[in-house]
There are 2 protein chains.
Amino acid sequence: MCELLGMSANVPTDMCFSFTGLTRRGGATGPHKDGWGVAFYEGAGVKTFHESLASADSRIAEIVKSHPMKTTVGICHIRQANVGDVCLANTHPFIRELWGQYWTFAHNGQLQNFTPDAGMYEPVGTTDSESIFCDLLNRLRSDHHRELSDDELVGFLVEHSAAYAQQGVFNLLLSNGDWLFSFCTTKMAAITRRAPFGPARLRDDEMVVDFGQETTPNDVVSVIVTEPLTSDEVWDIYQPGEWRFWRAGEAVRRGRKDVPIKPHPTNQGI
Amino acid sequence: MCELLGMSANVPTDMCFSFTGLTRRGGATGPHKDGWGVAFYEGAGVKTFHESLASADSRIAEIVKSHPMKTTVGICHIRQANVGDVCLANTHPFIRELWGQYWTFAHNGQLQNFTPDAGMYEPVGTTDSESIFCDLLNRLRSDHHRELSDDELVGFLVEHSAAYAQQGVFNLLLSNGDWLFSFCTTKMAAITRRAPFGPARLRDDEMVVDFGQETTPNDVVSVIVTEPLTSDEVWDIYQPGEWRFWRAGEAVRRGRKDVPIKPHPTNQGI
């Protein structure tokens with residue numbers, strides 16, 4: 001139905017290789033052709049590209065693939081619509097400002113009949129995903145002060161993610177540009193690349209990169225995805241309820257919550 | 001210091017011609033080389049591109065010029081920095097969600113020592129412009145309900161724009177995707193193109209377009225800019241304090257407020 005891609009790194013790193021693999025699944029090697037979007041943090045700012053068409057055919061996605069934009073946190077999404085029309089307003093990632101930072105949210109899954117409480121943040125489009133994002137920010141703003149600690153923040157994100165996961169499938173990537181939070185209900189995988197770097201081959205395109213040529217020995221770059229993007233590396237597969245809180249390429253906190261075991265959503269049955 | 005470009009149209013229309021002229025002024029025919037951004041509404045969504053470099057040299061701006069993205073409301077900005085570093089977070093237009101709509105703001109000018117009251121919306125970057133935008137939205141949210149009439153909205157925007165203009169130079173473009181509000185302190189011009197359409201020649205590039213070939217007889221397209229973009233059309237020059245509220249290509253309300261007469265900011269003296 002959708003696929004997610006996130007990156008956390010300790011040095012500004014481009015996502016061209018991973019983005020190339022992901023966007024092939026938006027209409028070429030996969031069915032997620034109803035829109036795509038990316039958000040790359042650059043300092044406090046965030047550079048975004050969104051379209052409500054297949055990423056595999058997009059001239060703008062082509063530029064994003066071929067024009068390295070270096071970042072320490074990026075989130076990408078390719079969409080296969082279930083709830084909500086195919087339109088720009090329903091295209092992830094969604095962005096809101098909270099406490100003077102841009103927060104970015106991308107979701108894979110579906111919550112049946114999710115009805116958020118009213119609050120300051122409101123969805124512009126008609127997806128359950130954007131409603132959940134607004135609900136999460138409204139609750140965070142009402143429950144916590146901006147000076148909350150990492151422990152308080154992670155506790156909040158884990159508790160609420162587990163609660164959303166009780167209502168459906170909730171695979172999440174969320175960031176404020178400093179950290180990247182990932183939560184898995186059904187399907188997610190990660191890889192951390194560090195020295196000694198080697199080559200990697202995309203599953204979805206004829207592309208091989210030698211990370212040894214692209215990096216310095218201190219670089220740490222983690223990639224979090226719905227389905228592994230490369231065919232010759234070992235990916236760490238999340239279990240249902242597993243979450244990680246990434247910063248500068250490292251999973252600085254991790255854990256697992258009990259969530260209902262559900263089949264991963266596919267084109268069929270949604 | 002900066003230049004603005006806005007469009008309001010009654011049919012989805014691309015901004016390639018105007019955007020081509022404007023972005024030449026970002027480092028080629030003009031000094032506004034410290035960043036550029038555009039926001040094109042598409043339904044309830046908004047497609048944005050921002051970079052903190054010269055638009056005249058940008059590959060991404062090149063795609064925006066050559067890849068027609070049709071919209072009924074668009075806002076563009078090229079920046080020559082005065083307050084705030086050259087960085088992505090300081091690049092206009094700024095966007096926030098209010099009442100389930102994306103609001104987009106671009107400003108030319110400077111308010112000395114502007115200090116907003118605290119509120120829900122906060123700047124991410126360090127420009128006076130983004131602080132003013134957040135202040136305006138905070139005041140709108142606290143003073144009005146979402147069901148406010150056009151008269152109430154326009155009254156609010158005009159009063160507050162005139163108040164900001166007491167504190168400095170405040171040339172503004174603001175939109176929620178339905179209407180486009182323009183306010184002039186020092187420099188602004190507009191043109192409304194409608195049948196019979198003719199050709200137009202850019203001032204800043206060797207480009208001529210025959211709008212008769214690009215339009216239907218019922219199209220109405222208005223363009224609002226800091227400096228006229230074409231050399232062979234008659235532009236309507238705003239006077240200090242003049243404002244217009246555009247919808248579907250027409251200035252559906254207009255007026256003038258008393259504002260202090262100031263020199264238009266230039267590279268010198270800022």
Side-chain angles (χ1 to χ4, degrees), chain A residues 35 37-53 58-64 66-69 71 84-92 94-103 118-127 130-131 133-134 137-138 141-142 146 176-177, chain B residues 35 37-53 58-64 66-69 71 84-92 94-103 118-127 130-131 133-134 137-138 141-142 146 176-177:
Chain A
V38 299
F40 301 126
Y41 284 91
E42 188 181 299
V46 62
K47 194 172 282 188
T48 63
F49 301 87
H50 289 90
E51 284 187 302
S52 58
L53 47 75
S58 162
R59 263 188 76 192
I60 294 172
E62 192 61 41
I63 285 287
V64 176
S66 62
H67 184 65
M69 288 176 261
T71 184
D85 295 340
V86 176
C87 66
L88 188 66
N90 287 342
T91 304
H92 310 221
F94 302 105
I95 299 182
R96 295 289 187 278
E97 173 261 313
L98 168 65
W99 297 327
Q101 296 176 316
Y102 291 121
W103 291 54
M120 190 199 106
Y121 296 100
E122 297 182 39
V124 172
T126 54
T127 63
E130 192 187 10
S131 288
F133 178 36
C134 293
L137 293 186
N138 285 327
R141 183 183 271 275
S142 77
R146 70 180 63 213
N176 74 342
Chain B
V38 299
F40 301 127
Y41 284 90
E42 187 181 300
V46 62
K47 193 172 283 187
T48 63
F49 301 87
H50 290 90
E51 283 187 301
S52 58
L53 47 74
S58 163
R59 264 189 77 193
I60 295 173
E62 193 60 42
I63 284 287
V64 175
S66 62
H67 184 66
M69 287 177 260
T71 184
D85 295 339
V86 176
C87 66
L88 188 66
N90 287 343
T91 305
H92 310 221
F94 302 104
I95 300 182
R96 294 290 187 278
E97 173 261 312
L98 167 65
W99 298 327
Q101 295 175 316
Y102 291 121
W103 290 55
M120 190 198 105
Y121 297 99
E122 296 182 39
V124 172
T126 54
T127 62
E130 192 186 10
S131 288
F133 179 35
C134 293
L137 293 186
N138 285 326
R141 182 182 273 275
S142 77
R146 70 180 62 215
N176 73 344

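In what follows, every chain begins at residue 1, and chains take the letters A, B, ... in the order their sequences are listed. Values in this document were obtained by computation on a predicted structure and should not be read as measured data. Keep in mind that the numbers below use all heavy atoms, side chains included, and drop hydrogens, waters and symmetry copies.
Looking at A:H67, both its backbone and its side chain come within 4.5 Å of chain B, counting heavy atoms on both sides. When heavy atoms are compared at a cutoff of 4.5 Å, B:T126 does not approach chain A at all. At a 4.5 Å heavy-atom cutoff, the contact between B:V46 and chain A is made by backbone atoms alone.
Scanning all heavy atoms of the two residues, the minimum distance from B:E122 to A:E97 falls at N-OE1, 3.0 Å. For the pair A:L88 and B:K47, the tightest heavy-atom approach, listed with the atom from each and the gap, is CD2-N, 3.5 Å. Listed here is the closest heavy atom pair of A:G45 and B:A89: N-CB, 3.6 Å.
Evaluation of the side chain to side chain donor-acceptor pair (under 3.5 Å) rule for B:N176 yields B:Q101, B:W179 as partners, not counting sequence neighbours. The side chain to side chain donor-acceptor pair (under 3.5 Å) test applied to A:S131 returns no partner, not counting sequence neighbours.
Within the 4.5 Å cutoff, side-chain heavy atoms of B:M69 are placed close to those of A:I60.
To the nearest 0.5 Å, the span separating OH on B:Y102 from CZ on A:R96 amounts to 4.0 Å.
Ranked by heavy-atom pairs under 4.5 Å with chain A, the list B:M120, B:R141, B:E130, B:E51 is led by B:M120.
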